2 protein chains.
Amino acid sequence: MGEKTKVLLAEDEASLGMIIKESLESRNFQVSLCGDGEEALETYRSYDPDILVLDVMMPLKDGFTLAREIRRKDPDTPIIFLTAKSRTEDVVEGFGHGGNDYLRKPFSMEELIVRVNALLNRQQVRKTNGIVEIGRYKFDYPKQLLILGNKILPLTHREAEVLLRLARQPNRLIERSQILNEIWGEDDFFNGRSMDVFITRLRKKLKQDPSIQIVNVRGFGYKLIC
Amino acid sequence: MGEKTKVLLAEDEASLGMIIKESLESRNFQVSLCGDGEEALETYRSYDPDILVLDVMMPLKDGFTLAREIRRKDPDTPIIFLTAKSRTEDVVEGFGHGGNDYLRKPFSMEELIVRVNALLNRQQVRKTNGIVEIGRYKFDYPKQLLILGNKILPLTHREAEVLLRLARQPNRLIERSQILNEIWGEDDFFNGRSMDVFITRLRKKLKQDPSIQIVNVRGFGYKLIC
DNA sequence: AGATTGCGTTAAACAGTGTTAAGCAGTGTT
DNA sequence: AACACTGCTTAACACTGTTTAACGCAATCT
């Protein structure tokens with residue numbers, strides 16, 4: 001991404017649209033705001049966005065239909081749906097149409113930004129074949145390796161899983177419970193102790209480059225600083 | 001495949017059927033949805049699908065029976081079973097009836113799509129006359145050979161079978177039990193030990209290209225990284 | 001027939017991984 | 001300052017996977 005990250009935002013409620021647009025712009029995103037589905041589809045073609053944020057209920061063309069049409073030719077660009085309904089079926093439908101995430105209204109701007117960043121980072125991991133740079137290290141997630149110069153440190157599966165969660169959003173707070181739920185499926189006492197052990201082991205393996213640190217935020221989670 | 005890939009979907013629960021149908025269609029598949037086993041069999045004959053997605057529990061004819069009948073004349077077209085039950089026996093039974101994969105309800109559309117694509121890729125192996133590229137190697141499955149430049153390593157039958165299971169879905173986790181059931185017919189202690197031995201032997205023969213690795217995922221299976 | 005070879009299985013010792021446990025250290029609160 | 005709480009570290013452990021070798025069987029050769 002040479003310049004700013006481009007967001008295509010489709011939201012028919014003008015005031016809400018503007019609020020979202022401005023908060024994204026304040027985070028250094030470039031945003032194109034569309035008021036209905038047709039306009040969004042047209043804009044999509046010329047604007048070449050990095051990520052789409054689509055309201056589900058819009059005039060002329062709803063978000064799901066729009067997503068389906070886009071997905072025909074573009075299986076990659078992440079999509080976040082904004083939905084007022086909270087019923088499960090809508091969520092299923094959203095994922096079914098190729099979306100990557102959804103957000104129920106009302107939501108906080110923080111939440112949206114977190115998800116946008118998460119999806120973009122995930123995308124990046126995929127585009128680099130799962131290889132992420134961490135300071136002077138290269139972290140090869142599929143091969144479970146940490147490479148520093150000519151040194152190769154093998155990681156175990158769990159180590160690689162934990163590190164991936166931290167590395168795909170560096171310098172950001174990742175919540176303990178998010179990591180635990182994603183990897184262990186449950187956030188309970190024992191899994192928590194287990195994770196502690198892996199944090200220790202990762203710190204040991206990352207010690208070669210002192211500019212990298214796994215910083216604890218008491219009561220919340222960790223940040224990978226690099 | 002001249003046009004779109006054709007999926008025959010048999011699912012008696014109408015709402016779920018429609019969701020699956022639409023999700024697949026949004027990914028550019030052509031889908032024929034059948035509400036029971038008899039209808040599915042009839043449709044199969046005229047529709048000539050590239051892949052079958054069958055609910056196990058259906059009126060008139062269950063998915064296993066249907067699969068068995070289809071397999072009599074058609075050993076190739078991949079079959080995915082959808083099953084509400086989660087017991088291991090059903091999975092084993094599924095493979096026994098000629099199924100290639102199974103999916104436990106509830107599942108996400110993402111999962112289904114990943115598996116459909118994986119099986120279609122597998123078909124690709126057949127279309128290249130059973131020759132698969134693995135890193136710098138060429139793996140000739142029918143001839144049981146690994147070719148690297150001008151070096152030719154012969155493989156034994158079992159080695160070739162195990163390697164095929166890994167190579168037709170590279171970079172993805174293949175479950176131990178799946179390999180064991182497909183090759184040995186049963187996942188028990190001794191077959192497991194036997195497989196370990198072949199994993200070792202394959203690793204030895206694949207050592208020439210260090211970019212290739214058979215990575216273990218503790219408790220689940222292996223990934224062929226390349 | 002007897003010897004040889006090749007293959008898959010069994011066996012056994014060994015290494016690696018994730019979890020649990022226990023004690024210690026750090027942090028914020030009362 | 002005392003306290004509770006969270007996190008850190010090390011070690012022990014049970015379990016899973018790895019490796020090498022030996023074994024037994026069947027097919028092939030002499």
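A, B, ... follow the sequence lines: proteins, then strands. Residue 1 opens every chain. On a predicted model such as this, the values are computed, not experimentally measured, just so you know.
A side-chain donor-acceptor contact under 3.5 Å links B:Tyr141 and B:Glu161. A:Ser194 and A:Asn191 are not linked by any side-chain donor-acceptor pair at a separation below 3.5 angstrom, with hydrogens and angles left out of the test.
Salt bridge absent: B:Asp50 and B:Lys6 never bring a charged side-chain N and a carboxylate O closer than 4.0 Å. The pair A:Glu11-A:Lys21 does not meet the salt-bridge criterion, since no charged nitrogen lies less than 4.0 angstrom from a carboxylate oxygen. Taking the charged nitrogens against the carboxylate oxygens, B:Arg168 and B:Glu182 do have a contact shorter than 4.0 Å, which makes a salt bridge.
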How does protein reach along nucleotides 5-16 of chain D, written 5' to 3' as B (base within reach of a heavy atom under 4.0 Å), S (only sugar-phosphate), or - (no contact)? BBSBBB----BB

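Between A:Gln144 atom CD and D:dG17 atom P there is a gap of 13 Å when expressed in whole angstrom units. Atoms CD1 (B:Ile183) and C1' (C:dC7) sit 15 Å apart, rounded to a whole Å. Rounded to a whole Å, the CZ atom of A:Phe189 is 10 Å from the P atom of C:dT20. Atom CD of B:Glu175 and atom P of D:dG17 are 12 Å apart (whole Å). B:Asn191 has its CG atom 9 Å from the C1' atom of C:dT9, to the nearest Å. One can place CZ of B:Phe190 at 15 Å from C1' of D:dA22, the figure rounded to the nearest angstrom. Between A:Trp184 atom CH2 and C:dT17 atom P the separation is 15 Å, expressed in whole Å. Counting to the nearest Å, the C1' atom of D:dG17 and the CG atom of B:Leu202 are 15 Å from each other.
Between A:Glu159 and the choices A:Lys205, A:Gln144, A:Arg201, the side-chain hydrogen bond (donor to acceptor under 3.5 Å, both in side chains) rule is met once, by A:Lys205.
In this structure C:dT30 sits in a base pair with D:dA1, meeting the Watson-Crick or G-U test at under 3.5 Å.
Using a 4.5 Å heavy-atom threshold, the side chains of A:Glu133 and A:Lys138 count as touching.
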Taking it one step at a time, do B:Leu145 and B:Leu155 satisfy side-chain contact (heavy atoms from CB on, under 4.5 Å)? CA-CA 5 Å; B:Leu145 296 176; B:Leu155 298 173; over 6 Å; no

Set out, in order, the CA-CA distance, both residues' side-chain angles and the distance that settles side-chain contact (heavy atoms from CB on, under 4.5 Å) for B:Phe220 and A:His157, then state yes or no. CA-CA 11 Å; B:Phe220 291 95; A:His157 183 242; 5.9 Å; no

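Of the residues in residues 152-161 of chain B, B:Thr156, B:His157, B:Arg158 come within less than 4.0 Å of DNA chain C through at least one heavy atom, sorted by number.
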